[in-house]
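Working notes for the structure below.
For the numbers below, each heavy atom of this structure counts, side chains included, while hydrogens, waters and symmetry mates do not. In this chain, residues are counted from 1 in sequence order.
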Amino acid sequence: MTKSVSEQVLKGLMLLSLDGDEAAYRRLLVILRDLLLAFYRRRLGSNADRDAEDLVQEVLLAVHSRRITYDRQRPFTAWFFQIAKYKLIDHFRVNGRKRGVEIALGDEIAAEFREEALFAHLDIDRLLDQLPAKQRELLRQVKIAGKTTAEAATESGQSEAMVRVSIHRGMRAIGRKLGFANDEK
């Protein structure tokens with residue numbers, strides 16, 4: 001994922017692109033692609049890579065065609081993820097998911113698109129980006145994606161004990177950065 005993106009950075013790039021800055025627009029699309037891939041992969045399960053890539057392309061095309069509708073006074077992430085949300089719901093409809101699942105998914109996703117939730121996701125990514133790659137990936141797998149330590153161990157090729165130690169160290173490092181943990185053993 002792209003390092004340390006924030007609402008301010010994304011909105012700034014969008015505003016520059018609306019004013020004709022092609023380099024800012026290309027940079028924005030690269031960042032949005034990374035955000036979307038992570039967002040969709042967490043939600044799609046099987047066939048995640050293929051379906052995520054397809055959805056990313058659909059959203060980026062929609063952003064391009066609808067960017068003139070973006071209200072410069074509103075948060076960019078809310079506008080952008082609203083498009084992503086509707087593309088995901090459409091994807092589930094086309095692929096024959098039951099209506100009840102769609103409604104539940106729509107409610108779950110709607111909660112994620114509150115501005116506070118969007119900023120929290122960006123803050124979490126910023127904190128995780130400061131960790132070593134191994135700790136970062138294991139924390140994402142176990143604490144965010146909800147995998148078991150056994151599943152993470154199998155995927156990473158490490159023992160469960162090493163996975164638990166790595167996660168513990170990562171959590172302590174984040175706690176120290178936030179001022180919640182002391183260094184006592």
Side-chain angles (χ1 to χ4, degrees), residues 1-131 133 136-137 139-141 144-146:
M1 173 169 234
T2 306
K3 277 191 145 190
S4 300
V5 295
S6 66
E7 167 65 23
Q8 184 178 3
V9 168
L10 293 172
K11 185 174 182 174
L13 289 170
M14 180 62 164
L15 294 177
L16 287 170
S17 73
L18 289 173
D19 292 336
D21 186 332
E22 290 181 33
Y25 186 54
R26 282 192 302 275
R27 185 167 175 229
L28 176 66
L29 291 177
V30 168
I31 293 169
L32 295 180
R33 181 184 183 284
D34 291 345
L35 288 171
L36 285 168
L37 278 174
F39 175 78
Y40 286 135
R41 283 180 178 150
R42 285 192 304 264
R43 285 160 183 80
L44 290 172
S46 64
N47 296 324
D49 287 335
R50 188 198 67 205
D51 290 346
E53 287 287 347
D54 291 346
L55 283 164
V56 166
Q57 293 306 313
E58 287 183 39
V59 172
L60 293 179
L61 284 171
V63 165
H64 179 73
S65 65
R66 297 179 192 157
R67 66 186 178 147
I68 195 70
T69 67
Y70 172 65
D71 179 353
R72 293 170 176 257
Q73 305 307 312
R74 305 277 306 163
F76 174 76
T77 50
W79 178 82
F80 166 71
F81 278 110
Q82 197 69 17
I83 294 170
K85 173 184 103 170
Y86 288 118
K87 291 295 183 185
L88 182 62
I89 291 171
D90 287 345
H91 170 79
F92 284 127
R93 282 187 186 131
V94 167
N95 289 298
R97 299 287 175 108
K98 293 181 182 177
R99 182 161 167 70
V101 172
E102 290 175 14
I103 293 168
L105 175 64
D107 292 342
E108 172 201 330
I109 292 175
E112 286 187 47
F113 290 95
R114 290 188 323 269
E115 288 179 39
E116 307 86 40
L118 292 170
F119 290 125
H121 286 294
L122 292 172
D123 290 342
I124 289 168
D125 287 338
R126 195 173 299 119
L127 284 169
L128 289 174
D129 283 344
Q130 296 175 35
L131 296 175
R136 177 176 55 243
E137 184 56 30
L139 278 169
R140 280 193 172 118
Q141 287 180 22
I144 296 173

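E58 places no side-chain N or O within donor-acceptor distance of the main-chain N or O of K87, the cut-off being under 3.5 Å. In terms of modelled atom types and a separation under 3.5 Å, the side chain of E22 and the main chain of S17 share no donor-acceptor contact.
From D51, atom CG reaches atom CD of E53 across 10.5 Å, with rounding to the nearest 0.5 Å. How far CD of Q57 is from CG of L60: 6.0 Å, rounded to the nearest 0.5 Å. To the nearest 0.5 angstrom, D21 atom CG is 13.0 Å from M14 atom CE. Distance check, rounded to the nearest 0.5 Å: NE2 of H64 to CG of L28 gives 12.5 Å. Rounding to the nearest 0.5 angstrom, the gap separating the CD1 atom in I83 from the OH atom in Y70 is 11.0 Å.
Minimum interatomic distance between A84 and V59 (heavy atoms only, all atoms of both residues): CA-CG2, 3.9 Å.
With F80 as the aromatic partner, R67 does not meet the cation-pi criteria of under 6.0 angstrom to the ring centre and within 45 degrees of the ring axis.
Checked for salt-bridge contact, D19 and R72 meet the test: a charged N lies under 4.0 Å from a carboxylate O.
V56 has its side chain out of reach of L32: every pair of non-hydrogen atoms, C-beta onward, lies at least 4.5 Å apart. With a 4.5 Å cut-off on side-chain heavy atoms, L13 and F76 do not count as touching. Between L10 and T77 there is a side-chain heavy-atom pair separated by less than 4.5 Å. Contact of the T69 side chain with the W79 side chain is registered, since non-hydrogen atoms from C-beta on lie closer than 4.5 Å.
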> Which is it for Q141 and E137 under the side chain to side chain donor-acceptor pair (under 3.5 Å) test, yes or no, and what are the steps along the way?
Replying inline: CA-CA 6 Å; Q141 287 180 22; E137 184 56 30; 3.1 Å; yes
